[in-house]
Amino acid sequence: MTVAKRATPAPYDTRAGHVVVVTRHPRPGREVAAFGGPRRFRGTRVLDIGTGNGRLAFDVARYARHVTAVDPSEGAIEVAKRRADAHGVRNVDFRVGSAQELDAIRERFDIAIFSWSL
Amino acid sequence: MVDALRAAHRRVRRGGIVIDARPDASRHPRMIAGGRVRGQLLQSADADERDERADAAVERVVASGLFRRTGERGVVWHGATFGDLAELDEYLDDSARYARYDRGTRSALLPFRRDPIAMRRAIKFDVLQRL
């Protein structure tokens, strides 16, 4: 069986050079809609905790003024940064860090999202 | 987990919100092959315990007056597709959350072992307001 590769390979879930899981997350915007819609996020400063490869952060960044996205996985943050560069996303700041290390971030936010990280 | 919520409380402005989104342990992930649901996956005891601790942590920070529930909550469905049954087995071996197939699920998937197998799981969310 040939496995279709995703558009943005994630090195942290590949083994021996082949993609193990082909993931189809919710369509872009679906979670933003569930979480209150674009109006909730428009012009806000958002903290995405447990961002992974930044999927939700990119969605939120379409509306937010700025998104700070943290994840303990350096590999995931690397992927997220590459995606941001590839797509010209300038209002997301990806950082390595865990939910317990939020005090290292000095900014204040309008919205914090625990993305599967609680 | 309470520590993480307290840290979020310090970083979010008064009146701001915190969204807690995570897999809904009360709804088992459904495994779909050949266009039909063939069974489900079960969580590990560790994952159940983590979920209970997370729920308790939210209750504690609400009870302590750091946050209030806005009443906005719901479920978003996430999908993942595995290339074949071997890949699903591998995923299950490595998963920190899911421990095993529910009774009869793997045998129901066997006829589709060389086909893509989809997983649909519920992600619950709860919106809290920072007080």
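Protein chains get the first letters and strands the later ones, always in sequence-line order, with residue 1 at the start of each.
- Scanning both residues, A:Ala34 and B:Phe125, for their nearest heavy atoms gives O-CZ, 3.2 Å.
- Here the CD1-CD1 distance, from A:Ile49 to B:Ile19, works out to 10.5 Å after rounding to the nearest 0.5 Å.
- If you chain together hydrophobic residues whose side chains sit under 4.5 Å apart, A:Val70 and A:Phe58 never meet in one group.
- Across all their heavy atoms, A:Ile105 and B:Arg11 have their closest contact at O-NE, 3.0 Å.
- Between A:Trp116 and B:His78, the angle of the ring planes lies from 30° to 60°, which puts this pair in the tilted group.
- Only the backbone of A:Glu107 comes within contact range of chain B, judged by heavy atoms closer than 4.5 Å.
- The environment of B:Arg60 atom CZ is sparse: at most 12 non-hydrogen atoms of other residues, nucleotides or ligands sit within 6.0 angstrom.
- By number of non-hydrogen pairs under 4.5 angstrom with chain A, the leading residue of B:Ile17, B:Ile123, B:Val12 is B:Ile17.
- Options B:Met119, B:Arg6, B:Arg121 differ in how many heavy-atom pairs under 4.5 Å they form with chain A, and the most are formed by B:Arg121.
- The minimum heavy-atom distance linking B:Ala8 with A:Leu102 is given by the pair N-CD1, 3.8 Å.
- For the pair B:Arg10 and A:Asp103, the tightest heavy-atom approach, listed with the atom from each and the gap, is NH2-OD2, 2.7 Å.
- Only the side chain of A:Arg40 comes within contact range of chain B, judged by heavy atoms closer than 4.5 Å.
- Linking ILVMFWY residues whenever their side-chain heavy atoms come closer than 4.5 Å, directly or via other members, places B:Leu110 and B:Leu41 in the same cluster.
- In the hydrophobic clustering of ILVMFWY residues, with side-chain heavy atoms under 4.5 Å counting as a link, A:Leu47 and B:Val18 come out together.
- Residues A:Phe109 and A:Phe35 fall into different hydrophobic clusters, defined by Ile, Leu, Val, Met, Phe, Trp and Tyr side chains chained together at heavy-atom separations under 4.5 Å.
- B:Leu85 and B:Val37 are assigned to two separate hydrophobic clusters, defined by single-linkage of ILVMFWY side chains at heavy-atom distances under 4.5 Å.
- For CZ of B:Arg69, the number of neighbouring non-hydrogen atoms (other residues, nucleotides, ligands) closer than 6.0 Å is greater than 12.
- Per-residue counts of heavy-atom pairs under 4.5 Å with chain A were compared for B:Arg73, B:Arg22, B:Arg50, B:Arg130; the largest is that of B:Arg22.
- Taking CZ of B:Arg53 as the reference point, atom CG of A:Leu118 lies at 10.5 Å (rounded to 0.5 Å).
- Taking CZ of B:Arg13 as the reference point, atom CD1 of A:Ile111 lies at 8.0 Å (rounded to 0.5 Å).
- Looking at every heavy atom in both residues, A:Phe114 comes nearest to B:Ala4 through CZ-O, 3.6 Å.
- In this structure, chain A has no heavy atom under 4.5 Å from any part of B:Val75.
- Per-residue heavy-atom pair counts under 4.5 Å with chain A were compared for B:Ala21, B:Gly16, B:Ala86, and the maximum is reached by B:Ala21.
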